[in-house]
Number of protein chains: 2
Amino acid sequence: MPEEPTQALRFGKARTARSAALLEDYVELIADLLAAHGEARAIDVAKRLGVTHPTAIKSIARLKREGLATARPYRGIFLTEAGRKLADRVRARHRLVVKLLLAVGVPAEAAEADAEGMEHHASEATLKAFARFLARAK
Amino acid sequence: MPEEPTQALRFGKARTARSAALLEDYVELIADLLAAHGEARAIDVAKRLGVTHPTAIKSIARLKREGLATARPYRGIFLTEAGRKLADRVRARHRLVVKLLLAVGVPAEAAEADAEGMEHHASEATLKAFARFLARAK
DNA sequence: AGCGCAATGTAGCCAAAGCTATATTCAAGT
DNA sequence: ACTTGAATATAGCTTTGGCTACATTGCGCT
Ligand SMILES: [Mn+2]
Ligand SMILES: [Mn+2]
Ligand SMILES: [Mn+2]
Ligand SMILES: [Mn+2]
């Protein structure tokens with residue numbers, strides 16, 4: 001068993017990542033919708049995430065509070081500069097995690113599904129290692 | 001972008017995994033403490049997880065409600081048969097995820113820390129692939 | 001036996017993330 | 001211009017998982 005303080009730090013990191021996961025998924029999805037359709041309506045975000053629209057609207061309010069998004073009523077959602085930055089990082093990370101899973105032989109649908117949760121826990125060190133592995137094993 | 005219903009299913013799976021994560025970490029930790037010290041006191045669980053003891057006690061109450069643990073007051077926590085089963089699965093999964101991360105070149109501390117969060121999102125298909133990869137790349 | 005400290009437990013607060021139900025607003029079609 | 005349906009917003013409830021502050025219990029020592 002690991003040392004107590006070490007282990008507490010690890011669990012703490014996992015909790016932090018868990019609480020950031022929701023915002024990350026939202027900005028990534030909003031960026032995708034903006035890229036694909038030129039707009040991101042709350043109701044589409046809700047459908048894509050599989051939640052009800054009040055839930056989506058409440059989370060989008062949190063995005064606004066945290067300076068990641070803006071929304072003109074009945075005009076859809078837009079990302080701030082910070083939101084776009086985050087979306088870019090998150091999307092790149094997502095893709096890298098999926099690629100790594102595929103590279104070690106995980107079936108495509110499982111890779112996509114599991115990456116949706118795992119991505120939020122991949123630290124910089126891990127992502128670097130993934131990139132090196134993929135370059136080497138190419 | 002993936003199809004809407006597919007994507008909603010993936011996000012739903014991630015949400016389910018996230019909400020199971022806490023219970024999984026608790027039973028794994030309790031099993032480790034029982035193995036290492038013959039008992040698992042609430043306060044030690046709290047210290048290891050890096051939360052306050054009322055938080056730990058409340059979560060342990062949830063474990064009891066869900067039939068995973070029992071506790072005689074001032075006597076520490078014990079796992080039910082279901083709890084032990086879950087702990088075994090969770091521990092095996094944890095180890096496998098760590099091993100996979102190490103095998104692709106993730107530094108040890110990052111592997112341990114990231115696995116603490118990622119493990120909860122590794123599906124059966126993914127775990128199987130990890131095992132095959134490790135056997136092959138041995 | 002009794003004291004005092006540590007462990008345990010309880011109460012009560014908060015924010016996040018889900019839901020249903022209801023109200024409001026917009027925009028399209030007649 | 002009206003109507004009406006869909007999108008958006010609000011209200012209010014629940015559970016989870018954090019916290020602090022306080023109360024109780026049990027045990028080891030003297
Ligand atoms: Mn995700
Ligand atoms: Mn993602
Ligand atoms: Mn874990
Ligand atoms: Mn674990």
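Residue numbering restarts at 1 for every chain, and letters A, B, ... go by the order of the sequence lines.
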Item to check | Length of the CZ-P vector between A/Phe11 and D/dG18, whole Å | outcome: 11 Å

Checklist entry - Separation of B/Arg72 atom CZ from C/dT8 atom C1', in whole Å? => result 15 Å

Item to check | d(CG, B/Leu22; C1', D/dT16) in whole Å | outcome: 9 Å

Checklist outcome for this item: Here the residues of residues 44-65 of chain B within 4.0 Å heavy-atom distance, strictly under, of DNA chain C are B/His53, B/Pro54, B/Ile57, B/Lys58

Item to check | Derivation and outcome, side-chain contact (heavy atoms from CB on, under 4.5 Å), residues B/Leu68 and B/Leu79 | outcome: CA-CA 6 Å; B/Leu68 297 169; B/Leu79 295 178; 5.6 Å; no

Checklist entry - Around atom CD of B/Glu124, are there more than 12 heavy atoms of other residues, nucleotides or ligands at under 6.0 Å? => result no

Checklist entry - Given the rule in the side-chain contact (heavy atoms from CB on, under 4.5 Å) test, do A/Met118 and A/Leu101 qualify, once you have shown the distances and angles that lead to the verdict? => result CA-CA 10 Å; A/Met118 286 183 168; A/Leu101 290 176; 4.3 Å; yes

Checklist entry - CG of A/Asp25 versus C1' of C/dA16: gap in Å, rounded? => result 15 Å

Checklist entry - Which of these nucleotides, D/dG18, C/dG18, D/dT8, is closest to any side-chain atom of B/Arg15? => result C/dG18

Item to check | A/Arg15 side-chain N/O to B/Leu49 backbone N/O, donor-acceptor pair under 3.5 Å | outcome: yes

Checklist outcome for this item: Here the distance between atom C1' of D/dA7 and atom CZ of A/Arg75, to the nearest Å, is 13 Å

Item to check | Non-neighbouring partners of B/Glu112 that pass salt bridge (Lys or Arg N to Asp or Glu O under 4.0 Å), sequence neighbours left out | outcome: A/Arg10

Next on the checklist: Side-chain N or O of A/Arg18 versus OP1/OP2 of D/dG18: is the shortest distance under 4.0 Å?
Outcome noted: yes

Next on the checklist: Output the rounded distance in Å from CD1 (A/Ile43) to P (D/dA6).
Outcome noted: 10 Å

Checklist outcome for this item: When rounded to whole Å, the CZ to C1' distance for the pair B/Arg41 and D/dC27 reads 10 Å

Checklist entry - Please give, in whole Å, the distance from D/dG18 P to B/Leu23 CG? => result 11 Å

